[in-house]
Amino acid sequence: MRLIAVGAFVAMAAAATPAYAAAPAGDVVVNGSLDNGVKGWWASKNTPINVTGGRLCAQVPTGG
């Protein structure tokens, strides 16, 4: 009886799992080239970010 219950649970879980579409072609990272500055990037107000020399830079506070 236990085997049937496990099988039913697995079947229900599989049916409830959403089908995910394939990732779009091209870059997955938004603004990965940093051509638009930090647009599309996020940091906390305690860790300001900017682009310097084509690189994303962050100021990490002491102890962080």
Side-chain angles (χ1 to χ4, degrees):
M1 187 68 165
R2 187 175 256 175
L3 183 59
I4 293 171
V6 171
F9 176 77
V10 170
M12 287 186 321
T17 303
Y20 293 98
D27 291 335
V28 177
V29 176
V30 175
N31 190 25
S33 63
L34 303 171
D35 290 340
N36 295 318
V38 296
K39 184 177 182 178
W41 291 85
W42 175 90
S44 71
K45 66 180 181 179
N46 295 331
T47 310
I49 58 175
N50 61 23
V51 177
T52 303
R55 295 180 177 165
L56 182 68
C57 300
Q59 296 175 13
V60 179
T62 303

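Quick note: numbers below take in every heavy atom, side chains included, and nothing from hydrogens, waters or symmetry partners.
The minimum heavy-atom distance between Val30 and Gly40, with the atom names listed, is CG1-CA, 4.2 Å. Nearest heavy atoms, Cys57 versus Thr52: SG-CB, 3.8 Å.
The CG atom of Leu34 lies 11.0 Å from the CZ atom of Arg55; values are rounded to the nearest 0.5 Å.
Taking Ile49 as the reference, Val38, Trp41, Ala43, Leu56, Ala58 meet the side chain to side chain contact (heavy atoms under 4.5 Å, CB included) condition, with sequence neighbours excluded. In this structure Asp35 satisfies the side chain to side chain donor-acceptor pair (under 3.5 Å) test together with Ser33, sequence neighbours excluded.
Residues Val60 and Trp42 fall into different hydrophobic clusters, defined by Ile, Leu, Val, Met, Phe, Trp and Tyr side chains chained together at heavy-atom separations under 4.5 Å.
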